[in-house]
Amino acid sequence: MSWLYNSLNSSIGKKIIMAVTGVCLVLFLIIHLIGNLTLYGGFNAFNGYVRTLELVKPVIRVVEVVLGLIFIFHIFNGVRLWIENKNARPENYTVKGIRKNTTLFSRTMIQTGSIVFIFLVLHLSTFWVAFNFSGEPEHKPYQYYSIIMDWFKNPFYAGFYVIAVILLGFHLNHGFQSAFQTFGWNHKKYFPFIQKLGTVYALIMAIGFASIPIYFYFNGGN
Amino acid sequence: MKLDAKIPEGNLSEKWTNYKSNMKLINPTNKRKYSIIVVGTGLAGASAAATLGELGYNVKAFTYHDSARRAHSIAAQGGINAAKNYQNDGDSVYRLFYDTIKGGDFRARESNVYRLAEVSNNIIDQCVAQGVPFARDYGGVLDNRSFGGAQVSRTFYARGQTGQQLLLGAVSALNRQIAKKTVTLYNQREMLDLVVVDGKAAGIIVRNLLTGEIERHNANAVILATGGYANVFFLSTNAMNCNATAIWRAHKKGAAFANPCYTQIHPTCLPKHGEGQSKLTLMSESLRNDGRIWVSKSKKDLREPWNIPEDERDYYLERKYPSYGNLAPRDISSRSAKEAYDDGRGAKGGEAVYLDFRDSINRLGAKVIEERYGNLMDMYQTITGENPYKSPMKIYPAPHYAMGGLWVDYELMSTIPGMFVLGEANFSDHGANRLGASALMQGLADGYFVIPYTLSNYLASEKPALVDTNDKQFAEEESKTREYIDKLLSVNGKQTVDEFHKKLGRILWDYVGMARNEAGLKKGISLIREMREEFWKDVKVVGKNEDINQTLERAGRVADYFEFAELLALDALNRNESCGSHFREEYQTEEGEAKRDDEHYAHVAAWEFHDVGKWTRHQEELNYEYVKLATRSYK
Amino acid sequence: MSGNINVLLKIWHQKNANTKGGFVDYKVNVSPDSSFLEMLDEINNDLERKGEDPIVFESDCREGICGTCGLVINGEPHGPLRKIATCQLHMRNFKDGETIWVEPFRAKAFPVIKDLMVDRTALDKILQAGGYVSVNTGGVPDANAIPISKDLSSEAFDAAACIGCGACVASCKNASAMLFVSAKVSQLALLPQGHPERSKRVQAMVMVMDELGFGSCTNTYACEAECPKGISITNIARLNREFFNAKFKSSVLEY
């Protein structure tokens with residue numbers, strides 16, 4: 001299997017890892033957002049959603065593990081690429097022309113990704129840990145909703161959440177079309193459409209996720 | 001010195017076949033015992049090195065560039081001729097042969113030119129197989145365009161970058177052999193001398209341009225494919241580094257130099273903008289299909305071109321050559337432009353003439369002109385900052401190609417046994433004038449299809465043992481080379497190398513340029529001699545040998561030009577006729593056209609070197625058995 | 001002279017790959033019609049007159065086709081204009097009083113040789129790994145034996161137009177050579193003549209590219225923007241596709 005190891009360790013292999021894991025995360029975000037939108041239906045709607053998830057708990061656990069691995073691969077590989085790519089130019093230019101020939105989104109993937117990563121840790125430690133490791137099972141649905149409500153009343157937490165998902169949007173805006181390019185699906189006719197689709201997707205994700213803390217902060221969730 | 005062209009027996013169309021049937025071969029396992037040096041990696045050099053590597057020889061290829069792909073063949077725009085007759089318009093090997101001979105004003109060797117036409121078809125096949133993306137028609141077959149001097153469409157092309165695509169093809173073949181280790185590439189090496197042992201080429205002395213190290217390389221045969229000498233004029237369409245040093249130093253070692261006075265001046269280049277100009281940029285000749293060339297009728301006319309009314313314009317090519325008009329051959333167009341601006345009627349009184357698209361734009365619309373010439377129009381605007389759709393282009397003739405070069409026989413071997421010369425560096429196929437799209441053809445013909453045969457014929461009678469690089473001849477040449485470099489570095493005068501080169505270029509342009517006469521040539525020769533003396537007294541070459549020293553590189557080349565320029569003028573002075581690119585004012589018809597003297601000058605002038613400024617002129621008679629000499633007419 | 005402009009040049013000087021470099025200032029008065037390289041020629045001529053070492057930079061054809069020249073001017077390879085090489089840049093594109101920074105191409109795979117001259121032989125090493133069609137001279141079919149559609153041939157030409165200058169590497173924030181490699185791989189993948197070896201070619205070329213210290217592509221497309229020949233990033237997509245197909249379909253384990 002050394003051919004596989006070599007292939008995935010080649011520069012194009014590493015791109016493919018980024019793209020495949022990225023696409024998985026893109027799909028995950030869609031499902032995550034749809035689920036989260038039940039928050040707008042008040043706590044009964046949200047309860048219904050959570051109860052459905054409780055019914056398939058073993059599946060969710062497997063998905064969580066897979067998702068965790070995907071995150072780790074995406075992040076590890078991303079950081080590795082960033083370090084290697086830094087080393088490919090030991091002495092940088094004094095005048096940087098990069099603003100003239102690239103988009104802001106494409107050249108800040110490591111920065112937006114890092115902030116999203118910090119956000120992810122915080123996000124997991126506030127919601128995921130609290131949801132899974134505290135309280136009695138029968139009270140959970142109520143607790144979930146109130147945990148969310150409580151956290152989003154905190155202006156710093158809500159603010160950071162909003163900033164982080166906007167940066168996530170930046171990350172996705174580049175990542176979406178970039179994945180297509182990496183898979184070799186760049187066609188003169190369709191690629192401009194894919195780029196627009198990516199921007200629309202990134203906007204929906206950023207606005208969708210950002211709206212929740214804003215809604216709870218200003219509205220209290222009642 | 002004996003000039004034996006070694007033309008094979010038989011009918012013209014059978015000579016090459018006969019040669020191939022009777023030549024001596026080397027068995028495949030013995031080929032690797034022979035070492036061959038190829039200097040230059042342009043079309044001729046790269047194709048030769050690759051093909052000889054494929055055959056199994058041990059090849060060492062040298063280039064002064066970092067990469068083989070940078071050779072100046074890359075800049076050829078128009079195309080490459082071949083007698084494929086894909087257009088069914090009556091082309092044939094004979095026609096290509098005849099057009100080339102006629103285009104060269106009957107001053108080339110019949111047998112060589114016929115062979116060139118014969119192998120031209122193989123070149124196209126070879127290039128396509130390498131993945132050269134030639135222009136194609138909608139049915140998927142190759143497209144052709146027509147070019148000056150021919151009545152058939154036989155030019156294969158890859159947009160305006162044919163030279164680039166052909167060179168990249170040849171270099172890819174070379175790269176394949178480098179990977180297979182049959183060819184070793186020595187890049188950033190400049191050949192500074194030829195080593196001759198017992199009358200045969202035994203190796204070369206090169207300078208490593210990065211370290212200054214002087215290296216000795218031995219071989220059973222040396223192939224020079226180092227291009228032409230048009231840069232002697234300083235301003236030419238050649239690349240900055242093109243030079244004559246390799247062929248000149250081989251000439252000084254005994255290789256005859258043939259027809260140095262045949263220098264092609266291309267009519268459609270961009271004019272100079274000032275004294276800082278470093279080279280001239282060629283614009284494709286195809287522009288003359290839709291552009292009209294004119295100057296003002298009055299001298300020192302400083303008006304903007306669009307303010308000059310129609311009846312005050314002189315469309316001089318249309319006036320003098322009504323049937324060919326703006327499509328008159330290169331030499332005629334260039335000379336007429338010079339006449340006009342020498343008369344003070346050039347664009348704004350300067351050294352340029354107008355190439356005007358106004359009428360074509362009115363007739364066809366700007367869109368059609370853009371479709372046809374868009375990239376050239378853009379290039380013009382980038383360089384000059386003027387919009388050629390609004391105001392006429394200014395053009396200027398520029399030295400472009402050297403038909404002359406080292407004398408070679410039918411086998412492409414020089415007068416030094418074991419030293420072969422290919423491509424523009426030799427004199428063989430274009431006579432006194434080269435037709436468009438023929439240079440690429442010749443370079444590749446020599447490299448892919450001629451040298452692999454003729455070299456085998458030579459090597460078969462040679463022993464594979466090499467002259468050791470510790471041999472005293474190698475040591476002597478190396479120390480002479482070092483002394484020469486030290487001499488250049490120690491003059492420590494006041495004028496820079498470029499300043500000298502510009503002055504030399506000006507002398508040549510004024511006295512040995514497009515129109516020459518006896519008095520001017522004599523004056524030119526004495527000025528060249530004076531300037532050469534001044535060079536060795538007053539040149540300033542900074543830096544040292546043991547480092548990258550681009551000034552030193554140029555100094556060596558310019559020093560050689562000072563010697564070569566005299567021979568160029570001397571050859572022009574001794575050719576008392578006008579033919580092709582060589583125009584002597586004393587020898588013209590009443591209408592001002594070139595007048596050949598076939599009785600006295602249907603020969604190749606090959607010069608033997610004795611000392612700087614001292615040569616003997618030898619003649620190789622050109623016996624035309626198959627074509628009848630005729631006067632070119634483009635009226 | 002009237003009509004001339006004054007510019008302040010900050011030009012990188014570096015003795016060799018192992019020493020530290022720095023900028024040296026030159027104040028010049030130059031004609032707007034002069035090319036950028038002709039301006040450097042004039043500076044060098046003045047330096048030589050004074051007995052000082054000239055600035056080392058490379059150039060050859062000065063028509064934008066040989067790929068020898070390559071300076072990073074104000075942070076951009078080949079300067080501020082698009083689709084031209086450094087040799088085609090003219091001073092009329094700069095303002096009077098402007099400060100212009102001139103640096104060499106910077107990449108681990110392109111070590112500085114001296115001043116503005118860098119070693120780009122790494123690009124040739126990649127080509128030697130497989131950037132060719134393995135046919136010997138002679139013994140090839142007639143040029144018209146295989147019809148190739150005009151569009152395909154034209155697309156192959158677009159890729160083949162690469163001049164090997166290395167601006168893609170110089171402009172990429174990762175110093176990746178993907179555009180260069182993809183241009184050659186694409187040319188030969190599009191044409192039927194390149195098909196017999198396409199699997200081996202792409203794997204070998206990518207392997208050597210990685211070994212030589214170039215970075216990885218992160219699809220910022222700076223390369224396409226700075227390429228003097230406008231080589232498209234669709235070629236990189238094709239390279240990815242070729243690589244993917246070769247890896248999963250080919251039964252050769254060598255790469």
Side-chain angles (χ1 to χ4, degrees), chain B residues 50-51 54 65-67 69-70 72 74-75 84 86 122 124-126 128-131 133-134 136-142 158-159 161 164-165 168 172-173 175-176 178-179 187 210 239-241 273-274 276-279 281-282 382-383 385 448 452 494 496 498-499 540 542-543 548 550-551, chain C residues 31 33-35 37-39 41-42 45 48-49 51-54 56 59-63 65-68 84 88 90 92 113-114 117 119-121 123-124 127-129 131-138 140-144 147-150 153 156-157 160-161 163-164 187-188 191 193-194:
Chain B
T51 307
E54 287 162 10
H65 290 107
D66 61 331
S67 163
R69 69 184 296 153
R70 313 246 188 256
H72 197 52
I74 201 125
K84 282 282 193 187
Y86 281 159
N122 303 54
I124 304 302
D125 298 342
Q126 188 63 35
V128 167
Q130 288 167 345
F134 279 122
R136 284 175 186 271
D137 214 332
Y138 286 100
V141 294
L142 293 166
R159 290 190 203 156
Q161 286 156 250
Q164 181 201 24
Q165 293 309 315
L168 293 183
S172 77
N175 276 336
R176 175 168 162 249
I178 293 171
N187 64 352
L210 298 185
M240 301 303 287
N241 293 307
H273 59 71
Q277 180 96 21
S278 59
K279 72 156 276 173
T281 303
L282 181 74
T382 308
I383 295 174
Y448 283 135
K494 288 195 181 63
T496 65
D498 271 6
E499 286 161 3
K540 186 171 191 76
V542 294
I548 297 165
Q550 295 172 325
T551 317
Chain C
S31 155
D33 287 330
S34 166
S35 79
L37 296 183
E38 283 164 358
M39 173 183 66
D41 288 341
E42 283 188 43
N45 201 46
E48 285 175 27
R49 281 173 153 277
E52 293 172 31
D53 281 346
V56 175
S59 83
D60 200 30
C61 78
R62 299 212 176 176
E63 293 178 18
I65 193 75
C66 73
T68 309
I84 57 161
Q88 295 165 297
H90 285 72
R92 72 178 74 89
I113 294 172
K114 192 173 180 182
M117 181 183 186
D119 181 357
R120 287 170 288 185
T121 46
L123 297 180
D124 281 335
L127 293 181
Q128 282 154 17
Y132 46 76
V133 175
S134 293
V135 285
N136 284 354
T137 303
V140 296
D142 183 85
N144 262 347
I148 303 170
S149 97
K150 188 178 166 78
S153 165
F157 183 96
I163 59 173
Q187 179 201 345
L188 298 177
L191 296 173
Q193 286 82 7

Notebook entry, point to check: If you take all heavy atoms of C/Cys61 and B/Lys279, which pair is closest and at what distance?
Noted result: O-NZ, 2.8 Å
Margin query: Do C/Pro54 and B/Val542 have side chains that approach each other closer than 4.5 Å (heavy atoms only, starting at C-beta)?
Written below: yes
Margin query: Assess, by modelled atom type and distance only, whether the side chains of B/Arg176 and C/Ser134 contain a donor and an acceptor separated by less than 3.5 Å.
Written below: yes
Margin query: To the nearest 0.5 Å, what is the distance between CG on C/Asn144 and CZ on B/Phe134?
Written below: 11.0 Å
Notebook entry, point to check: Using non-hydrogen atoms only, which part of B/Ile124 is less than 4.5 Å away from chain C: side chain, backbone, both, or neither?
Noted result: both
Note to self: At a 4.5 Å cut-off on heavy atoms, which part of C/Ala161 comes close to chain B: side chain, backbone, both, or neither?
What the structure shows: both
Checklist line | Heavy-atom proximity to chain C below 4.5 Å, by part of B/Gln126 | finding: both
Check: About how many Å separate CG of C/Asp142 and CG of B/Asp125, when rounded to the nearest 0.5 Å?
Finding: 5.0 Å
Notebook entry, point to check: Is any side-chain heavy atom of B/Ser172 less than 4.5 Å from a side-chain heavy atom of C/Leu127?
Noted result: no
Checklist line | Evaluation steps, side-chain contact (heavy atoms from CB on, under 4.5 Å), between B/Gln130 and C/Gln193 | finding: CA-CA 7 Å; B/Gln130 288 167 345; C/Gln193 286 82 7; over 6 Å; no
Note to self: Heavy-atom pairs under 4.5 Å with chain C - which of B/Asn187, B/Asp137, B/Asp498 has more of them than the others?
What the structure shows: B/Asp137
Item checked: Closest heavy-atom pair and its distance - C/Ile65, B/Ile74 -> CG1-O, 3.6 Å
Next item on the list: Provide the closest heavy-atom pair for C/Gly51 versus B/Lys540 in the form atom of the first, atom of the second, distance.
Entry: CA-CE, 3.4 Å
Next item on the list: Sort C/Glu48 into side chain, backbone, both or neither according to what part of it lies under 4.5 angstrom from a heavy atom of chain B.
Entry: both
Item checked: Under 4.5 Å from a heavy atom of chain B, the part of C/Asp41 involved -> side chain
Check: Checking heavy atoms, do the side chain of C/Met117, its backbone, both or neither come under 4.5 Å from chain B?
Finding: side chain
Checklist line | From CD1 (B/Ile383) to CD (C/Glu63), nearest 0.5 Å | finding: 8.0 Å
Next item on the list: Working to the nearest 0.5 Å, report the span between CG of B/Leu142 and CD1 of C/Ile148.
Entry: 7.5 Å
Notebook entry, point to check: Taking atom types as modelled and ignoring hydrogens, do the side chains of B/Ser278 and C/Glu38 form a donor-acceptor contact shorter than 3.5 angstrom?
Noted result: yes
Check: Is it the backbone or the side chain of C/Leu37 that comes under 4.5 Å from a heavy atom of chain B, or both, or neither?
Finding: neither
Checklist line | Most contacts with chain C, counted as non-hydrogen pairs under 4.5 angstrom, among B/Gly543, B/Ala158, B/Gly140, B/Gly139 | finding: B/Gly140
Notebook entry, point to check: Is the closest side-chain donor-acceptor distance between B/Asp66 and C/Thr121 under 3.5 Å?
Noted result: no
Next item on the list: Count the heavy-atom pairs under 4.5 Å between each of B/Pro452, B/Gly131, B/Ala173 and chain C, then report the option with the highest count.
Entry: B/Gly131
Check: Between B/Arg70 and C/Cys66, what is the shortest heavy-atom contact and its length?
Finding: NH1-O, 3.0 Å
Notebook entry, point to check: When heavy-atom pairs shorter than 4.5 Å are enumerated against chain C, which of B/Gly276, B/Ala239, B/Ala75, B/Ala179 gives the highest number?
Noted result: B/Ala239
Notebook entry, point to check: Can you tell me how far the CZ atom of C/Phe157 sits from the CD atom of B/Gln164, to the nearest 0.5 Å?
Noted result: 6.0 Å
Next item on the list: Report yes or no: do B/Asn241 and C/Asp60 form a side-chain donor-acceptor pair below 3.5 Å?
Entry: yes
Check: Which of the residues C/Arg120, C/Gln88, C/Glu42 is involved in the greatest number of heavy-atom pairs with chain B at under 4.5 angstrom?
Finding: C/Arg120
Item checked: Heavy-atom pair count under 4.5 Å with chain C, highest-scoring of B/Leu168, B/Thr281, B/Thr551 -> B/Thr551
Check: Using non-hydrogen atoms only, which part of C/Leu191 is less than 4.5 Å away from chain B: side chain, backbone, both, or neither?
Finding: side chain
Notebook entry, point to check: Are any non-hydrogen side-chain atoms of C/Gln187 and B/Pro133 less than 4.5 angstrom apart?
Noted result: yes
Next item on the list: Output the option from C/Leu188, C/Asp119, C/Val140 having the highest count of non-hydrogen pairs under 4.5 Å with chain B.
Entry: C/Val140
Check: Non-hydrogen atoms of chain B under 4.5 Å away: do they reach the side chain of C/Arg92, the backbone, both or neither?
Finding: side chain
Margin query: So, taking the atom named CD in C/Gln128 and the one named CD1 in B/Ile178, what distance separates them when rounded to the nearest 0.5 Å?
Written below: 4.5 Å
Next item on the list: Applying salt bridge (Lys or Arg N to Asp or Glu O under 4.0 Å), run through B/Arg69 and C/Asp124 and close with a yes or a no.
Entry: CA-CA 9 Å; B/Arg69 69 184 296 153; C/Asp124 281 335; 5.0 Å; no
